[in-house]
> 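Here it is, the structure, as structure tokens.
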Amino acid sequence: MTEKMAKLTIGDKSFEFPIISGSVGPDVIDIRSLYAQTGMFTYDPGYTSTGSTSSAITYIDGEKGVLLYRGYPIEQLAEKSNFLEVAYLLLNGELPTRPQFADFEKTITRHTMLHEQIVKFYSGFRRDAHPMAITCGAVGAMSAFYHDSTDITDPRQRQIASHRLIAKIPTTVAWAYKYSIGQPFVYPRNDLDFSSNFLRMCFAVPAEKFEVSPTVARAMDRIFVLHADHEQNASTSTVRLAGSSHANPFACIAAGVASLWGPAHGGANEASLRMLREIGTPDRIGEYINRAKDRSDPFRLMGFGHRVYKNFDPRAKVMQETAKEVLGELGVTNNPTLQVAQELERIALQDEYFIEKKLYPNVDFYSGIILDAIGFPTSMFTAIFALARTVGWVSQWREMIDDPTQKIGRPRQLYVGAEARQFVDISAR
Ligand code: ACO
């Protein structure tokens with residue numbers, strides 16, 4: 001079979017580069033020999049046309065609104081699976097059998113405790129510290145405690161670190177919340193499922209009996225499933241870049257937490273709910289739509305738009321349905337924020353500006369409404385996203401380290417600074 005080639009012409013010279021096909025999705029032009037052949041680099045700030053790796057974990061078709069984890073549609077996983085099963089799938093490539101699932105669940109629940117000395121770290125933070133600041137610090141600090149799982153050349157250590165991160169991140173995030181509200185930490189309980197355990201660590205207090213509502217636990221689990229992975233987004237690429245230098249896994253995931261924090265990425269769920277509340281009533285929507293369309297105004301509709309999805313975000317659909325279900329089951333009727341969200345979505349989707357730019361609600365548009373109804377403050381939203389995405393980060397990190405052709409990530413640049421010049425002594429400047 002003849003290899004497909006792409007031809008590049010510069011002046012009177014032509015160069016050829018192989019075209020590689022994946023299992024599905026657009027082909028890529030393999031330009032690894034570009035510099036050697038031409039003495040030039042590509043220029044693609046923001047990586048809008050750059051595939052940074054090959055991966056068999058998650059597939060997105062942004063035009064059709066498709067999201068697959070290991071081939072399974074996100075809608076099916078959200079409806080029929082659960083977060084720990086999805087975690088196993090992302091990590092290992094296949095859905096677990098019953099014994100495999102039982103074994104995995106046991107492994108995760110046996111690693112939920114944090115080292116007791118890490119607990120002391122929390123009191124070093126100000127009470128009003130953002131949960132993401134604490135999460136970032138606490139996850140990075142794990143590399144100082146779990147030395148028996150930081151040798152990345154040992155597959156068993158990589159596996160232990162992966163399980164520890166997935167198991168300990170709910171405790172880390174829940175305690176960041178408890179610390180911020182001045183309540184005692186609630187230790188994990190291994191007889192509860194993953195989501196119920198997290199909710200209990202967030203909302204139980206020693207003085208009262210705490211029952212986890214199955215509705216709320218289901219909604220929490222679905223939010224985790226929908227956020228578990230999303231191929232090479234900013235935070236995942238950050239984890240991969242950090243990992244490419246063979247940094248230990250705890251440090252790499254801490255880097256991912258930091259990258260997720262920004263409002264253009266994981267911080268959008270917090271910003272989206274704040275915006276919906278600020279709008280307040282449907283009659284004020286027009287004013288905000290006009291601001292979003294005004295190029296001289298930096299305001300954007302938070303929870304709208306996506307680098308990859310140019311049709312709809314399949315996660316947003318599931319999230320919208322879950323929001324309605326949860327509010328209904330919790331007896332929250334006439335929720336003004338949900339009303340504003342639904343009306344804003346309806347108006348924006350008919351507006352020429354949003355249609356032309358293919359801007360649709362993303363996963364973060366509705367997730368904040370559910371988290372708010374469950375009882376989380378907005379400051380916890382991104383930390384909950386980080387909790388779920390840890391599974392994706394760890395899976396992508398492991399895939400990278402397992403790849404024998406893996407190299408350190410080292411982009412180049414278009415230098416636009418001063419040319420070489422002579423140093424001038426301070427007396428002569
Ligand atoms: N509101 C108004 N206009 C928007 C919005 C928005 N939310 N998003 C994009 N646009 C406009 C831009 O102004 C730009 O217009 P122009 O062509 O006239 O300059 C055009 O649409 C393209 O936008 P870019 O910023 O170039 O698109 P990019 O792919 O780089 O950005 C991003 C994607 C960051 C998600 C962007 O849409 C945004 O800022 N959205 C709001 C924040 C948000 O919801 N982030 C969550 C992303 S999902 C996630 O991380 C889980």
Side-chain angles (χ1 to χ4, degrees), residues 44-50 58 60 62-63 65 67 69 74 78 132 222-239 256-279 285-320 322 340-341 344-345 347-371 378 381-393 396:
D44 185 19
Y47 311 122
T48 51
S49 295
T50 296
T58 292
I60 303 174
E63 301 301 324
L67 169 60
Y69 290 167
I74 190 66
M132 283 295 275
R222 196 172 279 183
I223 287 178
F224 291 156
V225 168
L226 293 176
H227 285 91
D229 194 47
H230 214 225
E231 53 120 304
Q232 309 311 318
N233 54 81
S235 55
T236 303
S237 297
T238 304
V239 169
V257 176
S259 173
L260 186 77
W261 196 352
H265 191 12
N269 51 15
E270 191 176 336
S272 170
L273 190 77
R274 247 190 275 116
M275 178 194 75
L276 293 172
R277 283 197 181 132
E278 193 184 302
I279 297 174
I285 289 172
E287 182 193 322
Y288 283 82
I289 296 254
N290 288 340
R291 280 188 63 196
K293 286 159 44 175
D294 181 355
R295 285 181 138 246
S296 62
D297 187 332
F299 174 77
R300 284 185 169 200
L301 281 191
M302 298 316 287
F304 261 78
H306 197 275
R307 170 60 64 78
V308 182
Y309 293 121
K310 300 298 171 195
N311 184 328
F312 65 90
D313 180 340
R315 302 167 302 172
K317 279 198 170 170
V318 181
M319 206 62 98
Q320 186 196 32
T322 310
V340 171
L344 178 61
E345 177 179 350
I347 295 173
L349 293 186
Q350 290 172 359
D351 190 293
E352 214 25 66
Y353 173 94
F354 291 89
I355 294 170
E356 191 221 317
K357 295 192 188 300
K358 300 186 174 171
L359 298 170
Y360 295 84
N362 58 48
V363 66
D364 289 329
F365 191 63
Y366 284 104
S367 62
I369 294 171
I370 306 173
L371 293 173
T378 48
F381 293 3
T382 315
I384 289 170
F385 188 161
L387 186 174
R389 185 55 59 85
T390 294
V391 165
W393 292 331
Q396 300 266 352

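Every number for a ligand or one of its atoms is a count from 1 in the order of the listing. The first residue in the sequence is number 1, and the count goes up from there.
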> Using a 4.0 Å heavy-atom threshold (strictly under), name the region of F385 that reaches ligand 1: side chain, backbone, both or neither.
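F385 to ligand 1: side-chain contact only, backbone stays beyond 4.0 Å.
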
> Apply the side-chain contact (heavy atoms from CB on, under 4.5 Å) test between I223 and each candidate in L387, V318, L371; give the one that qualifies.
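Exactly one pass, corresponding to L371.
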
> Inspect the contact between E270 and R274 and indicate whether a charged nitrogen and a carboxylate oxygen are less than 4.0 angstrom apart.
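Result for this pair is yes, salt bridge flagged.
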
> To the nearest 0.1 Å, how far is atom 50 (O) of ligand 1 from its closest protein heavy atom, and which atom is that?
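The closest heavy atom on the protein side is H265 ND1, 3.0 Å.
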
> Of the listed options (R307, K293, H230), which comes nearest to atom 30 (O) of ligand 1 when hydrogens are ignored and any heavy atom counts?
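Among R307, K293, H230, the closest heavy atom to atom 30 (O) of ligand 1 comes from R307.
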
> For atom 21 (O) of ligand 1, which candidate among K358, K357, H227, M275 holds the nearest heavy atom?
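Residue with the shortest heavy-atom distance to the ligand atom: K357.
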
> So for ligand 1, is R295 a polar contact partner (N or O within less than 3.5 Å, distance only)?
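For ligand 1, there is an N or O atom that lies under 3.5 Å from one belonging to R295.
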
> Please list, in number order, the atoms of ligand 1 under 4.0 Å from a heavy atom of V363.
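Under 4.0 Å from V363, ligand 1 has these atoms: 51 (C).
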
> Could you check atom 32 (C) of ligand 1 against the protein and tell me its nearest heavy-atom contact, residue, atom and distance included?
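For atom 32 (C) of ligand 1, the nearest protein heavy atom comes out as R300 NH1, 4.4 Å.
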
> Using heavy-atom distances only, which candidate in S272, G303, A316, A268 approaches atom 46 (C) of ligand 1 most closely?
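Nearest option to atom 46 (C) of ligand 1, by heavy atoms: A268.
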
> Closer than 4.0 angstrom: is that true for some heavy atom of Y353 and an atom of ligand 1?
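Right, Y353 reaches ligand 1.
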
> Counting non-hydrogen protein atoms only, what is the nearest one to atom 40 (N) of ligand 1? Give residue, atom name and distance.
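Sorting protein heavy atoms by distance from atom 40 (N) of ligand 1 puts F304 O, 2.9 Å first.
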
> For Y47, does the OH atom sit with more than 12 other heavy atoms under 6.0 Å from it, leaving out its own atoms?
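Count not over threshold, so no.
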
> Would you say N362 has any N or O atom under 3.5 Å from an N or O of ligand 1, going by distance alone?
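Yes, N362 has an N/O under 3.5 Å of an N/O on ligand 1.
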
> Of all the non-hydrogen atoms in the protein, which one sits nearest to atom 48 (S) of ligand 1, and at what distance?
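Result: H306 CD2, 3.5 Å.
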
> Answer yes or no on whether K358 is positioned over the face of Y360, meaning its NZ or CZ is under 6.0 Å from the six-membered ring centre and within 45° of the axis.
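Geometry flag: not set, cation outside 6.0 Å or 45°.
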
> Can you tell me if NZ on K293 sees more than 12 non-hydrogen neighbours from other groups inside 6.0 Å?
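Correct, the count exceeds 12.
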
> Do me a favour and list the nearest non-hydrogen protein atom to atom 42 (C) of ligand 1 with residue, atom name and distance?
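The closest heavy atom on the protein side is M302 CE, 3.4 Å.
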
> Using protein heavy atoms only, decide if any is under 4.0 Å from atom 35 (C) of ligand 1.
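Yes, at least one protein heavy atom sits under 4.0 Å from atom 35 (C) of ligand 1.
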
> For E231, is there any backbone N or O sitting under 3.5 Å from a side-chain donor or acceptor partner on N233?
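Present.
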
> Does ligand 1 have a heavy atom under 4.0 Å from the side chain of L359, from its backbone, from both, or from neither?
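Within the 4.0 Å criterion, L359 contacts ligand 1 through side-chain atoms alone.
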
> Give a yes or no on whether the backbone of S235 and the side-chain of H265 come within a donor-acceptor separation of less than 3.5 Å.
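Looks like yes, one N/O pair under 3.5 Å.
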
> Ligand 1 and F299, any nitrogen or oxygen pair closer than 3.5 angstrom?
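Looking only at distances, the answer is no, because the N/O contact criterion of under 3.5 Å is not met.
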
> With atom 45 (N) of ligand 1 as the reference point, say which of G305, P298, A264 has the nearest heavy atom.
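The nearest heavy atom belongs to A264.
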
> Please answer whether the main-chain N or O of Q232 pairs with a side-chain N or O of S237 as donor and acceptor at a distance below 3.5 Å.
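Flag set: sc S237 to bb Q232 pair under 3.5 Å.
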
> Could you tell me whether atom 25 (O) of ligand 1 has at least one protein heavy atom nearer than 4.0 Å?
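There is a protein heavy atom less than 4.0 Å from atom 25 (O) of ligand 1.
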
> Got a donor-acceptor contact below 3.5 angstrom from the R307 side chain to the G46 backbone?
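Yes; judged by distance alone, with no hydrogens or angles, the pair exists.
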
> May I ask which of N269, D364, L301 has a heavy atom nearer to atom 7 (N) of ligand 1 than the others do?
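Considering heavy atoms of N269, D364, L301, the nearest to atom 7 (N) of ligand 1 sits in L301.
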
> Answer yes if the side chains of D44 and T50 hold a donor-acceptor pair under 3.5 Å, and no otherwise.
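Side-chain D/A pair, D44 to T50: present.
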
> Check for me whether the distance between the ring centres of F354 and F304 falls short of 6.0 Å.
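Ring centroids of F354 and F304 are less than 6.0 Å from each other.
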
> I'd like to know if the side chain of Y309 and the backbone of N362 have a donor-acceptor N/O pair within less than 3.5 Å.
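Not a single qualifying donor-acceptor pair exists.
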
